[in-house]
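Once you've had a glance at the structure underneath, I'll fire off some questions.
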Protein chains: 2
Amino acid sequence: MALKKDLKNIVQEGGKMFLPSISVDCVIFGFHGNELKVLLLQMKHASVHGLPGGFILKDEAADEAVSRVLKERTGLDNIFLQQFYTFGEPLRSDKKMHLTAMKKEGIAIVKGNWLLERFVTIGYYALVDFSQVLPMQDALSISCDWHPLRPAPALMMDHNNILNKALETLQQQLSYQPIGCNLLPKKFTMPELQKLYETILGKPLDRRNFQRRILSYGIIKKLKEVKTGVAHKAPFLYSFDVKKYDEALRDGLGRGW
Amino acid sequence: MALKKDLKNIVQEGGKMFLPSISVDCVIFGFHGNELKVLLLQMKHASVHGLPGGFILKDEAADEAVSRVLKERTGLDNIFLQQFYTFGEPLRSDKKMHLTAMKKEGIAIVKGNWLLERFVTIGYYALVDFSQVLPMQDALSISCDWHPLRPAPALMMDHNNILNKALETLQQQLSYQPIGCNLLPKKFTMPELQKLYETILGKPLDRRNFQRRILSYGIIKKLKEVKTGVAHKAPFLYSFDVKKYDEALRDGLGRGW
DNA sequence: ACAAAAGTGTTACTTTTACACCCATGA
DNA sequence: TCATGGGTGTAAAAGTAACACTTTTGT
């Protein structure tokens with residue numbers, strides 16, 4: 001099995017390939033069935049889930065490492081990615097976890113192995129179009145799948161903490177940054193976008209006010225199509241204006257002083 | 001000289017004491033003479049300045065490491081501290097710099113020394129009461145002093161980049177977080193606070209509107225004293241309400257959806 | 001025909017901005 | 001006494017929040 005060979009290689013050679021004591025973890029958000037979802041790995045040797053993550057190659061930028069991990073787990077390039085916090089508590093990483101996992105894998109891991117060190121992890125969140133993702137597990141997991149956020153499953157180590165902080169950051173940034181559209185397909189309807197905002201913020205919004213506000217940002221444009229094959233009145237489709245969007249990403253939307 | 005002994009120890013033993021390839025850097029902001037200042041080290045062996053920084057002890061939290069560095073450079077405890085970004089570009093650290101610096105110090109640094117590795121640095125900014133700070137240099141610097149921000153001096157490596165990002169973050173957060181007061185003495189006047197906000201944001205604000213808005217947050221309270229020994233009409237003194245302030249820190253000030 | 005969701009404007013309310021005069025103090 | 005900065009309120013403008021009816025479509 002290719003994955004196991006990879007794993008063995010990482011355990012034995014990782015110390016030469018990767019920066020020591022630093023990892024990246026990624027909270028991948030998707031939106032489906034009117035729910036926010038997060039992509040999690042089901043770990044092989046423990047009844048817990050974990051965030052997709054990885055290590056930084058010696059000549060690689062942290063952002064590149066995350067993109068690489070993301071590509072591996074979702075098949076996607078060019079994902080909206082945001083670093084949100086670096087977790088540097090001394091007791092956050094669980095040294096025993098790797099030890100027992102490797103033992104069960106039948107891979108030798110000796111005292112002093114780089115994986116048994118304490119790790120500081122850089123947290124990123126990603127916003128992806130649910131329908132475009134093809135989840136793929138990694139060497140240490142049974143499966144990679146979407147999970148609901150509320151409630152989120154029990155995660156290994158401090159990953160629940162990381163997940164919560166990611167969600168908090170997302171909620172805060174949603175009001176000032178034009179990020180909502182990243183979670184939807186290229187063409188989407190106004191009610192879909194609104195549902196998304198309501199879901200992230202966890203509260204209902206007025207339809208008319210929502211529409212006015214979103215449109216006032218100028219980052220999305222109404223297409224001349226409607227969504228077909230749908231019950232009830234056909235809603236218009238919108239897409240977002242990449243140029244205006246990029247400006248808004250730089251300058252923000254909110255007011256403030 | 002104690003500092004040199006320390007330095008030699010860090011070069012030779014640091015690999016055992018600290019997390020490898022990770023550093024912390026701290027942008028320390030102060031306010032004086034109606035200007036935002038930043039505390040910088042004048043490096044010994046190059047005509048550049050640098051941000052105060054350090055490394056994380058093997059059993060120490062990243063935040064603790066920064067507090068320790070801050071204590072060493074400023075003499076202060078319990079400073080307002082905020083992690084703002086982690087810099088993980090592969091070429092950000094300058095391997096030659098340490099090498100030549102140590103050569104000039106007469107300290108042997110051999111190939112493979114931990115200091116010659118690539119470093120990822122966790123950026124923090126600190127807000128301090130200028131009048132309370134007693135700047136102290138470290139082993140690699142001639143002096144530690146306040147410098148103007150606009151323009152900021154040339155800094156080593158990517159420290160100008162770090163500084164700029166810190167300032168940007170500060171500006172953004174100022175509108176949503178009750179952080180202004182951290183830069184002033186315990187008792188301050190409304191015009192002082194306003195000057196501070198104007199300086200950080202780089203634009204003038206209306207006196208009456210500023211006062212109304214700040215007071216509406218409820219985080220500062222008017223004292224029954226006025227500032228004495230001052231020219232012109234004596235302004236009232238204010239102090240900030242720690243309880244309300246802590247609430248606001250958690251919940252933010254701004255609106256949004 | 002009806003149930004369910006989408007489209008659309010107006011009004012009241014709240015927040016923000018703009019603006020000017022008097023007062024106290026030190027020089 | 002005068003120059004300088006500090007204290008204070010109000011009115012207009014902008015932005016936000018609340019709200020209802022009509023249209024379309026599938027069943």
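Protein chains get the first letters and strands the later ones, always in sequence-line order, with residue 1 at the start of each.
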Exercise for review: Have a look at K195(B) and say if it touches a base, only the backbone sugar-phosphate, or nothing, with a 4.0 Å heavy-atom cut-off.
Suggested key: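 No contact at all - K195(B) keeps every heavy atom at 4.0 Å or more from the nucleic acid.
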Study note, to complete from the structure: Ranking dT8(C), dA17(D), dG7(D) by distance to the side chain of Q211(A), first place goes to dT8(C)
Review point. Is the side chain of T121(A) donor-acceptor paired with the backbone N or O of S23(A) at a distance under 3.5 Å, no angle test?
Key: yes
Check your understanding: Between dT16(C) atom C1' and F210(B) atom CZ, what is the distance in whole Å?
Key -> 15 Å
Review point. OH of Y217(A) versus P of dT16(D): gap in Å, rounded?
Key: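 Spelled out: OH on Y217(A) to P on dT16(D) is 7 Å.
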List the atom pairs, donor and acceptor, that lie under 3.5 Å between side-chain atoms in residues 125-134 of chain B and the rest of the protein, sequence neighbours left out.
residue	atom	partner	partner atom	Å
Y125(B)	OH	Q173(B)	NE2	2.7
D129(B)	OD1	S131(B)	N	3.1
D129(B)	OD1	S131(B)	OG	2.8
D129(B)	OD2	S131(B)	OG	3.4

Practice item. Starting from P on dG6(D), measure out to NZ on K222(B) and report it in whole angstrom. Key: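 It is 14 Å, rounded to the nearest whole Å.
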Check your understanding: When you check every protein heavy atom under 4.0 Å of nucleotides 19-27 of chain C, what one-letter string (B, S, -) results, 5' to 3'?
Key -> BB--BBBS-
Below 3.5 Å, can you tabulate the donor-acceptor pairs from side chains in residues 70-78 of chain A to any protein atom, sequence neighbours excluded?
residue	atom	partner	partner atom	Å
K71(A)	NZ	D77(A)	OD2	2.9
R73(A)	NH1	M136(A)	O	2.9
R73(A)	NH1	Q137(A)	O	3.2
T74(A)	OG1	L70(A)	O	2.6
T74(A)	OG1	L76(A)	N	3.1

**Study point:** Rounded distance (Å) that lies between atom P of dT17(C) and atom CD1 of I214(B)
**Key:** 14 Å
Point to revise | Option among I28(A), D25(A), D63(A) that satisfies the side chain to side chain contact (heavy atoms under 4.5 Å, CB included) test with Y124(A) | key: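 Between Y124(A) and the candidates, side chain to side chain contact (heavy atoms under 4.5 Å, CB included) is satisfied uniquely by D63(A).
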Check your understanding: Closest heavy-atom contact between T199(A) and L36(A)?
Key ->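 Taking T199(A) first and L36(A) second, the nearest heavy atoms are CG2-N, 3.5 Å.
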Practice item. Return yes if some donor-acceptor pair links the side-chain N/O of H159(A) with the main-chain N/O of G50(A) below 3.5 Å, else return no. Key: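 Not a single qualifying donor-acceptor pair exists.
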Practice item. Would you mind classifying the nucleic acid contact of K227(B) as base, sugar-phosphate or nothing, using non-hydrogen atoms under 4.0 angstrom? Key: nothing
